[in-house]
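Take a look at the structure below.
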Amino acid sequence: MSTKYIFVTGGVTSSLGKGILAASLAKLLQARGFSVTIQKLDPYINIDPGTLNPYEHGECYVTEDGAETDLDLGHYERFLNIPTSQANNVTTGRIYQSVINKERRGDYLGKTVQIIPHITDEIKMNIKLLGDQGKYDFVITEIGGTVGDIESLPYIEAVRQLKWEMGKSALVIHLTLVPYLSASGELKTKPTQHSVKALLENGVQPDILVLRTEHNLSDSLKEKVALFCNVEKEAVVQSIDVSTIYEVPLKMKEENLDRIVLKKFNLPTDREPALDDWNSFLNKYKNPLHTVEIGLVGKYVELHDAYKSIAESFIHAGAVNECKVNIHWIHSEKLNSENVAETLKDLNGILVAPGFGHRGIEGKIEAVRYARENNIPFLGICLGMQVAVIEFARNVLGMHGADSTEMNEATEYPVIDLMEEQKVITNMGGTMRLGAYACNVKPGTKFFDAYQREQIFERHRHRYEFNDKYLSKFIEKGFNPVGINPETGLVEAFELENHPWFIGVQYHPEYSSTVLKPNPLFVAFVKACFIG
Ligand code: GLN
C-alpha cells in the first residue's frame with residue numbers, strides 16, 4: 001500500500017495532548033496490522049532541544065541514533081514499541097540550517113531564497129522522508145504549537161500544499177478544546193469554531209476534529225461543530241479526560257477514530273485492532289497488589305515533565321510487578337544532612353536523577369548516603385550515578401573533597417572526569433556522548449539478574465565519566481563495576497556489595513522503556529523496593 005500521511009494540528013491552547021493523540025491513533029492502526037511511524041515538527045529555532053533548559057519544554061528525549069529530541073518522541077516509542085530516529089523530529093532551526101547550507105553551496109542557482117517555496121519545500125521534504133523509506137503504511141506528522149502562531153505558519157502552508165498534492169493520501173486531524181463554563185454549566189464550541197477558521201484562513205480544511213473535553217459531548221453539540229466547521233458529524237470525536245494517557249487509545253477506539261481514518265483513505269475496516277497486550281497492561285496497572293513509595297531526587301522536580309521518561313518507566317515497571325509506584329518528588333536543593341533522614345525515612349526506594357551543573361549536588365549526595373547507609377534500594381541515573389561515585393569516594397574511601405570536574409575543576413580527587421574526546425569540544429549542541437552503546441553485563445550480579453543477558457544496548461547523554469584511575473581503590477571497598485563498555489572499557493554501571501540493591505548507571509534506562517517492553521532495570525528496582 002502507498003504511504004498515507006496524517007497531519008495533526010492543534011488549536012485553542014497548547015498542552016491539549018497532540019502527541020498522545022498521535023500516539024494513540026498510531027497504536028490503533030498498528031494494532032490493526034499497519035506499520036506506522038510518527039514525526040514531530042517543532043516550530044522553535046533551536047536546532048534541537050539539547051540546549052534547552054528542561055523548564056522550557058520538559059525532558060530532552062534521546063533516540064537510539066543519538067538524536068536529542070522533543071519529549072513527545074518518548075510517547076511515540078512507549079506507545080508503539082518501535083524506535084524513532086533523527087528523522088522523527090525536525091525543528092525550524094534544522095530546516096533553516098539546511099536551507100542556508102544549500103544557499104551557501106550554491107544549490108539554488110542564483111534564486112532569491114524565500115520562506116515560500118524554499119523553507120516550505122524543505123519542510124515537505126522532511127515530512128516525505130519517512131514515507132520515502134518504503135517501510136510505513138502511515139506517517140503521522142504532529143505540528144508543534146497552535147494554529148495562529150506566527151512561527152507555525154510555514155508548517156501549515158507545507159501541510160496545505162502536501163494535502164493538495166497528495167489528494168486522497170493525506171488528511172488533517174485538528175485537536176481543539178471545548179471548555180466547560182461552570183458558572184453557566186455549559187460546554188462552549190466557539191473556541192473550536194475560531195480555531196478552525198484560523199486553519200481555513202491558511203487554506204487548510206480539517207477532515208477530522210478531535211475535541212478535548214472534561215464532560216461528554218452531546219450529539220447536538222457535535223452536529224453544531226460539524227456544521228460550522230465543514231466536517232462530517234461522524235468525524236467530530238470527543239477526547240474526554242482520562243486517568244492515564246495509556247487509556248487514550250481505548251477511548252479513541254470507542255470513538256471510532258481509527259475507523260474514520262481508514263474510511264477516509266478507503267481502506268478496509270473489517271478487522272478489529274488487537275489490543276490484548278495493551279489491555280492486560282492496563283489491567284495490571286489499575287489493579288495493583290502492592291504499593292511502593294519511591295523518592296525521585298532532582299533539581300527540576302517542580303516540573304514533572306523534566307523527568308517524563310523516568311515517571312513513565314515506573315508506570316511500566318510497576319504494572320509488571322503489579323505494584324503501584326508513588327513517586328515522591330524531592331528537591332535536591334532542599335536536602336541537607338540535617339533534614340535528609342526526616343525527608344527520606346518513609347521511602348521504599350530512592351532514585352537520584354540525571355542533571356547538569358552543580359545546583360543541588362550536595363543534596364543529591366546526602367540522598368545517596370542515606371540510601372547506602374540505611375540499606376534502601378537505590379538507582380542512580382547518569383548524574384545520579386556520578387554523585388553516587390562521589391559519595392562513595394568521600395564517605396567510604398575517605399577522599400575528602402572528591403568531586404566531578406564538572407562541579408569542581410580543581411578537585412584533588414576527580415573521580416568523575418571529562419572523557420578524553422570531550423576535552424577538545426567547544427560547541428555545546430549535539431556534542432555529548434549520545435545514543436545507544438553496548439555494555440557488557442557481569443554475570444552473577446544483581447545487575448545481571450535484572451537484564452538476564454550478557455550484553456545490553458542503552459542510550460547515553462553525558463560528557464563526564466567514571467575515572468578509571470581510581471577503580472582498584474573502589475573495588476577494594478565493595479564497589480563492583482558490573483557494566484563495562486566492550487570497546488573503551490568505560491564503567492557504565494556499578495553495584496555495591498553488602499547492600500540489598502544499590503545500582504548506578506551512566507546511561508539512561510528510562511529512554512528505552514515501553515508499555516510492552518518495560519526496562520528490566522526499572523522492573524528489578526521496583527521489585528527490590530517492595531520486597532525491601
Ligand atoms: N552532567 C553529567 C555529564 O554531563 C550528567 C549528565 C546527565 O545526567 N544526563 O556527564
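Sequential numbering from 1 along the given sequence is applied to the chain's residues. Everything numeric here is computed off the predicted structure, so don't read it as measured data. Remember, it's 1-based here, ligands and their atoms both numbered in the order they're listed.
Taking the charged nitrogens against the carboxylate oxygens, K286 and E247 do have a contact shorter than 4.0 Å, which makes a salt bridge. Using a 4.0 Å cut-off between charged nitrogen and carboxylate oxygen, E406 and R463 do not count as a salt-bridge pair.
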Hey, mind stepping through F392 and Y470 against ring pair (Phe, Tyr, Trp, His ring centres under 6.0 Å) and telling me if it holds? CA-CA 12 Å; F392 194 83; Y470 297 98; over 10 Å; no

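Between F494 and F447, the distance from one ring center to the other does not fall under 6.0 angstrom.
No option in K40, H57, H75 other than K40 meets the side-chain hydrogen bond (donor to acceptor under 3.5 Å, both in side chains) test with D70.
A side-chain donor from one of N480 and E497 sits under 3.5 Å from a side-chain acceptor of the other.
Under 4.0 Å from any atom of ligand 1, one finds heavy atoms of residues P354, G355, F356, C382, L383, Q386, E406, R461, H462, R463, Y464, H508.
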